[in-house]
Asker: 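Handing you this structure, nothing more for now.
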Amino acid sequence: MAQLTDSVSVLRGVGPSRCKQLEGLGIRTLYDLLSYFPRRYEDRTKITAIADLQPDEPACIEAIVASAPRTAHIRRGMDITRLTVADHSARLNISYFNQSYISNSLHYGQTYYFYGSISSDSPTRQFTNPVFEAETSAPIATRRIVPVYPLTAGLSGKVLIKLIADTLDSCLQDVPEILPEHLRLTYGLCSVQEAYRNIHQPQDMPSLERARKRLIFEEFFIFAAGLQLLRASRTARYCTPFTHLDLSAFLAQLPFTPTGAQRRAMEDLKVDFASGGTMNRLLQGDVGSGKTVIAAAAAYLAAQNGRQGAFMAPTEILAEQHHRSLAPLLEPFGIRTVLLTGSMKQSEKNAVRAAIAAGEIQLVIGTHALISDTTEFSDLGLVIADEQHRFGVAQRGALAEKGRDPHMLFMSATPIPRTMTLLLYGDLDVSILDELPPGRQAIETFLVDEQMRARINNFIRKQVDENHQVYIVCPAIEEDETGSMKSAELWAETLQRAIFPDYRVALLHGKMKGAEKDAVMRAFSAGQTDILVATTVIEVGVDVPNATLIVIENAERFGLSQLHQLRGRVGRGKAQSYCVLFSSNRNEQTRARLKALCQTTDGFKIAEQDLALRGPGDFFGSRQHGLPQFKVANLSLDIPTLQLAQQAAAELLSELSETPEPDHPLLQRMRMLFHDDPPVLN
């Protein structure tokens, strides 16, 4: 009898090659297979008359084969099989490419169900390569709600549906039920077995919705419970309270007046430092909102209380930039600030590490070099992680372990809707910098198409001739087969050779080696490059006050939040800055989304709009933040369910704390999701 933990290789028809295909989708065990949910569904239950077919709208028809299929050889490697079908309303031509077996599968005079769509681009009304089934066969690909799964090369939806069906038949009864019956009754949720059956094989739309409701609730429930346990474990950690919390001297020497939001964030720090509990705080602020000053205030207070601080940045260039910003703010108070990066000479690193271990340095700023085994602190009391989602949980934890329960301050310039902040950072306290310092000019943003290309090129020349610099962002590194996206490599070559031969054009993308990327960015920062053609590798980049224009090609390929981050590369100096979005996409929703960026520079408003228009997507670009992805839940639609799940999780955890069950399925699932043991319930 198959077990949920068995490899998918136990299934009939799954050999080494198929195993490798499934592994590419993250499917290794039978449980992985059952948990691989459809991304969407096609309702093929409704039968449409041929005369009522609409262009580009998939539909199911019932029709008789009115002409015998005929296969013609078009050219080498290309055969086409054609036939005509008819129903009571009209006739329809059907074509199959390189599927000559169709001639023996569809028979003149017999009735079949076909599922496909007529193309608006085709001069004739016809189906191309529709799926079909005989009217006497069991409904598998037609006359039912068909799940559509993310696939990989060589693995068809038909094969995946069959593998999942076999697994459901053999293992469904073994899927653990983590929600107690009384909780399911309270919230109107079906059993886990019913949910898994109907998410993969829905009999009708109501059964599918019942399954989705249960699984959405379960995803949020597990996550909410995990975050509540994490928060409980962290607030339980005791550390010696800071007693020196006066920031008046620090504020007096600032060359500007802090905004109200900055002052509120500093007060949050003081409350955390004085509480006797370990601080775990997220500092969220838009580009230019002044997060660095908050970091400096935190480091100042740590030093005043005899503790060391460590500031970890994702790249050496950013670490150097932070060092240049923080040192002048702290060194007037005798707070020694040093830089520690991997590219420093070994003798320099040895000297810096010796000074850190001896307690002679109060703040060290660096990259992953900070978490190496050879870096030891005398008394680490504060850890600051910049662009914290770019560090894995393990990396942040490794730095925290170099001290005695140090305070943790995570900084992010990625505006996140408050609903997502509630979910993703439920284990952290949050301070938000939602004000920009006075005097900053708003970046003027324009949406244009190819008809404006010549004018924009002239505008680029104007900026460079005025001794400013320009970013040009492309969505791809290399040219794709369709040529529909600007590639950074080809476009940089074209700009240098044919459009701006008298300017200095450089290229930057993620496949370049680290040292090469650093060299390109240093040259741009130093004003040795006029135009930098790049991919989104510059999304979190260095501060180049002289850059006044960013041109983003194929802007429709990016989310609003990502476009806003890219736009934040300019507008850092005193000169007026501009952002130009190139898009020839005529889709109304797409253009409305891009126009929204032209109308506001408030990152939090943009993030809310992005969430509403596109769903949550991936605000982080990767899973480095260490938090699980949701397979069914949609944050733009399911917030009420999230709130119910949080309430239910709190209730169940309270019950478990009174009668601990270490092997409870809920705790097992949390261990899987959080890649670590959740705290033991007492």
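All figures in this text were calculated on a predicted structure; none of them were measured in a lab. Atom set for the values below is all heavy atoms of this structure, side chains included, hydrogens, waters and symmetry mates excluded.
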Asker: May I ask you to check whether D405 and T278 show a side-chain donor-acceptor distance below 3.5 Å?
Answerer: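 No pair is found: no donor N or O on one side chain lies under 3.5 Å from an acceptor on the other.
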
Asker: Within this structure, what is the CG-CE distance for the pair L340 and M312, rounded to the nearest 0.5 Å?
Answerer: 12.0 Å

Asker: How far does CG of L326 sit from CD of Q321, to the nearest 0.5 angstrom?
Answerer: 10.0 Å

Asker: Quick check against the 3.5 Å criterion: does E435 have a side-chain atom that pairs as donor or acceptor with the backbone of A261?
Answerer: yes

Asker: Could you grab the distance from atom CD1 of I606 to atom OG of S561, nearest 0.5 Å is fine?
Answerer: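 Here the interatomic distance stands at 7.5 Å.
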
Asker: Main chain of G342, side chain of K349: is a donor-acceptor contact present, judged purely on distance under 3.5 Å?
Answerer: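 Flag set: sc K349 to bb G342 pair under 3.5 Å.
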
Asker: Strictly by modelled atom types, are S248 and D246 linked by a side-chain donor-acceptor pair under 3.5 Å?
Answerer: yes

Asker: Okay, side chain of D272, backbone of N280: is any donor-acceptor separation there less than 3.5 Å?
Answerer: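 The answer is no, because no donor-acceptor pair under 3.5 Å joins these two groups.
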
Asker: Check F250 against F333 and note the closest heavy-atom contact, atom names and distance.
Answerer: CA-CZ, 3.6 Å

Asker: Any donor-acceptor pair under 3.5 Å linking the side-chain atoms of R353 with those of S372?
Answerer: yes

Asker: Using 0.5 Å steps for rounding, measure from the CG atom of L318 to the OG1 atom of T367.
Answerer: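 Reported value, rounded in 0.5 Å steps: 10.5 Å.
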
Asker: Any luck finding a side-chain donor-acceptor pair between T548 and Q463 under 3.5 Å?
Answerer: yes

Asker: Taking atom CG of L597 and atom NE2 of H564, what is their separation to the nearest 0.5 Å?
Answerer: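 Spacing of CG (L597) from NE2 (H564) equals 8.0 Å.
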
Asker: Decide, yes or no, whether a salt bridge links R522 with E320 under the criterion of side-chain N to carboxylate O below 4.0 Å.
Answerer: yes

Asker: Strictly distance-based, threshold 3.5 Å: is any side-chain N or O of Q308 a donor or acceptor partner for the main-chain N or O of I361?
Answerer: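 Yes, because the side chain of Q308 sits within donor-acceptor range (under 3.5 Å) of the backbone of I361.
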
Asker: Judged by atom type as modelled, is there a donor-acceptor pair below 3.5 Å linking the side chain of E348 to the main-chain atoms of K345?
Answerer: yes

Asker: So, taking the atom named OG1 in T341 and the one named CE in M344, what distance separates them when rounded to the nearest 0.5 Å?
Answerer: 5.5 Å

Asker: State which residue, out of L549, N546, V570, fulfils the side-chain contact (heavy atoms from CB on, under 4.5 Å) condition with H468.
Answerer: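 The option that passes is N546.
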
Asker: Start with the C-alpha gap between K270 and E267, add the side-chain angles, then the distance that decides, and say whether salt bridge (Lys or Arg N to Asp or Glu O under 4.0 Å) holds.
Answerer: CA-CA 5 Å; K270 289 163 69 173; E267 288 301 314; 3.3 Å; yes

Asker: D543 and salt bridge (Lys or Arg N to Asp or Glu O under 4.0 Å): which partner among R324, R569, R572?
Answerer: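 Only match with D543 under salt bridge (Lys or Arg N to Asp or Glu O under 4.0 Å): R572.
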
Asker: Okay, side chain of S577, backbone of G571: is any donor-acceptor separation there less than 3.5 Å?
Answerer: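 Pair found, side chain donor or acceptor close to backbone of G571.
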
Asker: Restricting to ring pair (Phe, Tyr, Trp, His ring centres under 6.0 Å), what partner residues turn up for H407, sequence neighbours left out?
Answerer: F242, F273

Asker: Between Q469 and T529, what is the shortest heavy-atom contact and its length?
Answerer: NE2-O, 2.8 Å

Asker: Examine distances only and state if a side-chain atom of T375 and a backbone atom of A369 form a donor-acceptor pair shorter than 3.5 Å.
Answerer: yes

Asker: Would you please say whether a donor-acceptor pair under 3.5 Å links the side chains of S431 and R264?
Answerer: no

Asker: Quick one: does M279's side chain get under 4.5 Å of L382's, heavy atoms only?
Answerer: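 A side-chain contact under 4.5 Å exists here.
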
Asker: Can you tell me if CD on Q528 sees more than 12 non-hydrogen neighbours from other groups inside 6.0 Å?
Answerer: yes

Asker: Does the distance from a Lys or Arg side-chain N to an Asp or Glu carboxylate O, for K402 and D379, drop under 4.0 Å?
Answerer: no

Asker: Any non-hydrogen side-chain atom of H509 less than 4.5 Å from a side-chain atom of M512?
Answerer: yes

Asker: State whether a side-chain donor-acceptor pair under 3.5 Å links T337 with Q362.
Answerer: no

Asker: Which ring pair (Phe, Tyr, Trp, His ring centres under 6.0 Å) pairs, counting each pair once, include a residue from residues 276-295, with sequence neighbours left out?
Answerer: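 Those involving residues 276-295 do not exist here.
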
Asker: Output yes when a side-chain donor or acceptor of Q576 lies under 3.5 Å from a complementary backbone atom of A442, and no otherwise.
Answerer: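 A pair under 3.5 Å: yes.
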
